[in-house]
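Okay, structure first, notes after.
Residue numbering restarts at 1 for every chain, and letters A, B, ... go by the order of the sequence lines.
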Amino acid sequence: MNELELYARWAPDDGAWTPWVKPVLFAVPHTLADEEREAWRAAAERARGRWTPPRAGDTALVLDLSGPDALALAVECAAHAYRPVPLFNSCLGRNAVVPNEPLRAGLELGVGALAAARLHRDAAPAFVLDSRRSQGGAKPLMFDNRWRVFAQDFPSANVLLARSIRTVVLVQAGASTPSTDLAHVLLRWQTAGLAIHAIDLAATPPALVPIRVAKPAWYGALFQRLLVTLGLRRNAAGGFGEVVPDATTTGTGFA
Amino acid sequence: MSSPLALFLPYDGPMSDDEVGITVMASIAWLITAWTWVYRLRNRKHVLGATPWKRALQWSGLQAVAVVYVVLELWSASDARDDPRYLYMYSAIGGAWVGLAMLFTPLLGLSTVDDVVERRNPAAALALLGLPFALALAYAGGNIGDGPGWWVVFFSSGVATLVLAVLVVASLSLGRAGESLTVERDVATGVRFALVSIAEGLVLGRAAAGNWVSAEATLIDLAARGWPALALGLVAVVLDRGLRPTPESPRRSVFACGVVPGLALLAAACVWVVRLGALP
């Protein structure tokens, strides 16, 4: 299966949420290693029975978990009639700040289970994020592929409401409040009348609770996205990811 | 003109040192901003293939300068329109003017890279297509009429452009068109925003036109002839809010909510400009 075919499996032409699927991670040719298969199998095993989503219909999921765990849970949710919508907006690279190889492998290895779910084109969405997206620090010569999400990366509240989505469930592990970038999205949805619930899978026992999303800094400001992207490194092929230059080895001046 | 070389060499002839300096600086700024604009679009490739609107956007800056050139040819002061060097100088300033202004669009939440290329958002593309022409009209108007030099063009066009920027920001923030364009991806808002921006640029450009008397007189003229731009801006904000996508209608009709109100406001602007009568 080539990259475009793989993308088409996750983002079918007639899918209701296809315009929001991020293509950058699909675009890189990738050869699966044995350890990646093993890691995906372990992630799928962890996801199995970890959490049962509410009955699909008027609920959308936002899975903000660590790397392959988010994707594996999304594939599990597909069995409950949720359409996984991968929003990974970051590239692969050597010596990367955010290791995306397990995610890329998961996209390839999870496609069978996704096909088996036989999802309807209008299936409720399960937006998939990597909670490690802005973690870590970049040093010179590292591939800085940290990223953030923006309101523009998700369907608007109007689109969700038009598709009869009334509730959004934020799924995290080890956190009960949304990350700052996600708060910009969730607050827009909450303001428009969607109910926001959160569940911390690391809690014992995990409980679904309604939350009030706190207003993040620069919420609604026209320049908020510019402000955030100033600290990130873009990739020419889309998304984020670029090698951090080393001042001692680059440049064209005299030594 | 002393020699045919004067066509190409701005220092051979009556151009003053400051005019030569402005021409050189404007040319450099035009080149850099145009290159930045085109390079940003060319360099970003969507992994799924061609991006709609990308080519149109790449050329929009040049087309906007063509609008400036036509206005200069038709209505600028006779000493400017009869001298290719001055035609070039004011066109280059126009190119730099539009180019520099467009670099600020990400500050307003509209980005060619983020919205047009990466998210393939046609609404944002349409909005960004309208802005260079609105800016070109606002700038070109300041070139119409007799005046002592380039600095009066900077003043007249600068005030017109500043008012245009305020109206655009009002539409994006108070009218929440920014959300409709980038989050809702509402094409109707994109069409309306582009047409209304052009209408505002037209009115403000016409208001900035005229023979130079003084800065105070220019401001009074701008207020007297340019107030319909504020009215257009107010109507645009009301329309932006009233015609926002809703859960019942997440995709507004492009024709009924975009083309019709946009053209109606553009027609109103044209009527006002015609009503003001012949240009000086």
- Message: What part of B:R251 gets within 4.5 angstrom of chain A, counting heavy atoms only: side chain, backbone, both, or neither?
- Response: side chain
- Item | Side chain / backbone / both / neither for B:V117 at chain A, heavy atoms under 4.5 Å | neither
- Looking only at heavy atoms, what is the nearest atom pair of A:L222 and B:S173, with distance? CD1-CB, 4.2 Å
- Should we count CZ of A:R121 as having more than 12 external heavy atoms under 6.0 Å? yes
- When every non-hydrogen atom of B:P250 is compared with those of A:A162, the smallest separation belongs to CG-CB, 3.5 Å
- Ranked by heavy-atom pairs below 4.5 Å to chain A, first place among B:D115, B:V169, B:N121 goes to B:D115
- Message: Can you tell me which of A:A27, A:A157, A:A236 forms the most heavy-atom pairs within a distance under 4.5 Å of chain B?
- Response: A:A236
- Task: With a 4.5 angstrom heavy-atom cut-off, could you sort out which part of B:S249 is near chain A: side chain, backbone, both or neither?
- Result: neither
- Query: Hey, which of B:E248, B:R244, B:E179 has the most heavy atom pairs under 4.5 Å with chain A?
  - Reply: B:E179
- Query: With a cut-off of 6.0 Å (strictly less than), are more than 12 heavy atoms of other residues, nucleotides or ligands near CG of A:N2?
  - Reply: yes
- Query: Does a sphere of radius 6.0 Å around CH2 in B:W53 hold more than 12 heavy atoms from other residues, nucleotides or ligands, not counting ones at 6.0 Å or beyond?
  - Reply: no
- Message: Just verifying a value: how many Å separate B:R252 CZ and A:N158 CG, rounded to the nearest 0.5 Å?
- Response: 9.0 Å
- Query: Could you give the distance from CG (A:L226) to CG (B:L110), rounded to the nearest 0.5 Å?
  - Reply: 11.5 Å
- Message: Taking A:Q152's backbone N and O only, do any of them form a donor-acceptor pair with B:R185's side chain (distance below 3.5 Å, no angle check)?
- Response: yes
- Highest number of heavy-atom pairs under 4.5 Å with chain B among A:V159, A:L227, A:T229, A:D153 belongs to A:D153
- Query: So what's closer than 4.5 Å to chain B heavy atoms on A:R163: side chain, backbone, both or neither?
  - Reply: neither
- Message: Please check if the number of heavy atoms outside A:R166 that lie under 6.0 Å from its CZ is greater than 12.
- Response: yes
- Message: Ignoring hydrogens, what is the shortest heavy-atom contact between B:E184 and A:S156? Give both atom names and the distance.
- Response: OE1-OG, 2.5 Å
- Message: Can you tell me how far apart CZ (A:F150) and OG1 (B:T182) are? Round to the nearest 0.5 Å.
- Response: 11.5 Å
